[in-house]
Protein chains: 2
Amino acid sequence: MGESRASQPSPDDLLAVGEVSERTGVAVSALHYYERLGLIASVRTDGNQRRYPRHMLRRISLLVVAKRIGIPLADVKEVFDTIPLDATPTHQAWQHTSRLWREQLRERKRAIEQLDAEITGCIGCGCLSMKACALLNPGDLLGETGQGPRRL
Amino acid sequence: MGESRASQPSPDDLLAVGEVSERTGVAVSALHYYERLGLIASVRTDGNQRRYPRHMLRRISLLVVAKRIGIPLADVKEVFDTIPLDATPTHQAWQHTSRLWREQLRERKRAIEQLDAEITGCIGCGCLSMKACALLNPGDLLGETGQGPRRL
DNA sequence: GCTTGACCTCAACCATAGTTGAGGTTTTAG
DNA sequence: CTAAAACCTCAACTATGGTTGAGGTCAAGC
């Protein structure tokens, strides 16, 4: 089961939703969801079934990449809204987008590296005394009025 | 407003919820939420108001750090469950936990780096043709039956 | 001793990212 | 022609991580 139609090429080079699901690894329910959000689109048969042109696979793959990066769907939509739904995005457009996403990815990496440095410092210093620890005192704390933890 | 009680040290070295909120930067509603989840605890006054011993600030700060790393609260709870609620965690316990979390952080970093490499390669190669692109073809795809995108 | 800000509980709601199920229709294979 | 697989819509539900509001209480200062 699950193969009868999905595994053979549709006429007219249009793909049924199950076929798209198999090829992209995205659940059918998610494809429906993305369509409701306007991230992807399909044409319909006379019987109201979805058919996807092949270039939609590209769009969906891009979406999956964005998700891997941690880009929220709303942000993906903003980018996708600048790319016509009815065609493959141009190389230029994809370059622009991929550079943008890569920048976001690198920001996330920088944030992680900073946290790593902080936590590593913390492991070394025995920060639990909550003295001058960057990790436990992100900038603002250290209760000015306290008879609190001895401040050195 | 917001200062009358919160800005002065409570008697008996116990902190009211508003004071804890100010010092940790965590919203009062979130503190209530964390308490419902069993992540933190408080003693109550005769009038049923929460009072926090100072060491609870430490627990909350740890929680905030974990959130920054992206650790789900359920995972934080698992760790916290091994640390007595009624005392400062030992240096040992914190070392163990922080090393664990650091490992998770580094895993996330590795994933990001791989994606970065993939997306960078993709920018260079003009992957939109969906040929042999690692980014657009994560391992499994490339529709075996297709008269699909020309496969070189 | 009373006012006012801080606090309480509980239920409902928000966003994100979907999944699940009911009830019904379409398409394809035999 | 018919059975089965795949599809359809719509509403409700899941999980995570909280916030908001209603309705009422507590505690500190004047």
Side-chain angles (χ1 to χ4, degrees), chain A residues 1-12 14-52 60 63-78 80 145, chain B residues 1-12 14-52 60 63-78 80 145:
Chain A
M1 58 166 72
E3 283 298 306
S4 54
R5 184 164 37 213
S7 63
Q8 35 209 302
S10 303
D12 218 356
L14 290 173
L15 309 169
V17 69
E19 204 169 356
V20 170
S21 171
E22 265 178 50
R23 290 191 176 215
T24 59
V26 173
V28 170
S29 63
L31 293 172
H32 286 190
Y33 180 63
Y34 296 152
E35 185 169 318
R36 276 201 291 123
L37 296 188
L39 287 161
I40 60 175
S42 56
V43 293
R44 301 297 180 111
T45 62
D46 287 350
N48 196 36
Q49 298 200 352
R50 289 171 180 81
R51 289 297 181 269
Y52 296 90
I60 294 163
L63 205 161
V64 169
V65 169
K67 272 171 46 63
R68 278 219 283 156
I69 296 173
I71 313 271
L73 295 183
D75 294 10
V76 175
K77 176 153 172 56
E78 266 183 62
F80 275 17
T145 60
Chain B
M1 59 169 75
E3 282 298 306
S4 55
R5 183 164 35 212
S7 64
Q8 34 207 307
S10 303
D12 219 355
L14 290 173
L15 308 170
V17 69
E19 205 169 356
V20 170
S21 172
E22 267 180 48
R23 290 190 176 215
T24 58
V26 174
V28 170
S29 62
L31 292 172
H32 287 189
Y33 180 63
Y34 296 151
E35 184 170 319
R36 275 200 291 124
L37 296 188
L39 287 161
I40 59 175
S42 55
V43 293
R44 300 298 180 111
T45 63
D46 286 352
N48 195 37
Q49 297 198 353
R50 289 170 179 84
R51 290 297 180 271
Y52 298 90
I60 295 164
L63 205 161
V64 170
V65 168
K67 271 171 47 63
R68 278 218 281 155
I69 297 173
I71 312 272
L73 295 183
D75 293 10
V76 175
K77 178 152 172 53
E78 265 182 62
F80 275 16
T145 59

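Every heavy atom of this structure was used, including side-chain atoms; hydrogens, water molecules and symmetry mates were not.
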How close or far is atom [atom2] of [N] from atom [atom1] of [X], stated in whole angstroms?
X: A:R68; N: C:dA17; atom1: CZ; atom2: P; result: 17 Å
X: A:R36; N: C:dT16; atom1: CZ; atom2: P; result: 13 Å
X: A:H32; N: C:dA17; atom1: NE2; atom2: P; result: 19 Å
X: A:Y33; N: C:dT19; atom1: OH; atom2: P; result: 10 Å
X: A:K67; N: C:dA17; atom1: NZ; atom2: C1'; result: 7 Å
X: A:R51; N: C:dT26; atom1: CZ; atom2: P; result: 13 Å
X: B:E35; N: C:dC7; atom1: CD; atom2: P; result: 13 Å
X: A:Y34; N: C:dT16; atom1: OH; atom2: C1'; result: 11 Å

Taking five pairs at each end of the helix from C:dG1-D:dC30 to C:dG30-D:dC1, what angle separates the two helix axes (nearest 10°)?
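It works out to 0° between the end axes.
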Closest to side chain of [X], choosing from [options]:
X: B:Q49; options: D:dG17, D:dC8, C:dC8; result: C:dC8
X: B:A30; options: D:dA27, C:dT9, D:dT19; result: D:dT19
X: B:L73; options: D:dG18, D:dT9, C:dA17; result: D:dG18
X: A:R50; options: D:dT9, C:dT28, D:dG17; result: D:dT9
X: A:S29; options: C:dC7, C:dG18, D:dC7; result: C:dG18
X: B:N48; options: D:dC7, C:dC8, D:dC8; result: C:dC8

Minimum heavy-atom distance [X]-[Y], with the two atoms named:
X: B:V28; Y: B:G18; answer: CG2-CA, 4.3 Å
X: A:L39; Y: A:L73; answer: CD2-O, 4.0 Å
X: B:A66; Y: B:V76; answer: CB-CG2, 3.5 Å

Which is true for A:V17 with a 4.0 Å heavy-atom rule: it touches a base, it touches only sugar-phosphate, or it touches nothing?
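Sugar-phosphate, no base atom in range.
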Sub-4.5 Å side-chain heavy-atom contact between B:V26 and B:V20:
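Contact flag for B:V26/B:V20 side chains = no.
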Within the structure provided, determine whether B:I71 and B:V65 are in side-chain contact (heavy-atom separation under 4.5 Å).
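No, too far: nothing below the 4.5 Å cut-off.
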Could you check B:Y34 against B:I60 for side chain to side chain contact (heavy atoms under 4.5 Å, CB included), going step by step and ending with a plain yes or no?
CA-CA 9 Å; B:Y34 296 151; B:I60 295 164; 5.7 Å; no
Can you list, in residue-number order, the parts of residues 37-47 of chain A that come under 4.0 Å of DNA chain C, counting heavy atoms only?
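Within this stretch, A:T45, A:G47 sit under 4.0 Å of the strand.
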Could you tell me the separation between the CD1 atom of B:I69 and the CG atom of B:D75, rounded to the nearest 0.5 Å?
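Output value for this atom pair is 11.5 Å.
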What distance do A:K77 atom NZ and A:L37 atom CG have between them, rounded to the nearest 0.5 Å?
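If I round to the nearest 0.5 Å, the distance is 8.0 Å.
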Applying the side chain to side chain contact (heavy atoms under 4.5 Å, CB included) criterion to B:Y52, which one of B:E35, B:E19, B:R23 satisfies it?
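Answer to the side chain to side chain contact (heavy atoms under 4.5 Å, CB included) test with B:Y52 among B:E35, B:E19, B:R23: B:E35.
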What do the steps show when you test A:R50 against A:R44 for side chain to side chain contact (heavy atoms under 4.5 Å, CB included), and what is the final call?
CA-CA 5 Å; A:R50 289 171 180 81; A:R44 301 297 180 111; 3.3 Å; yes
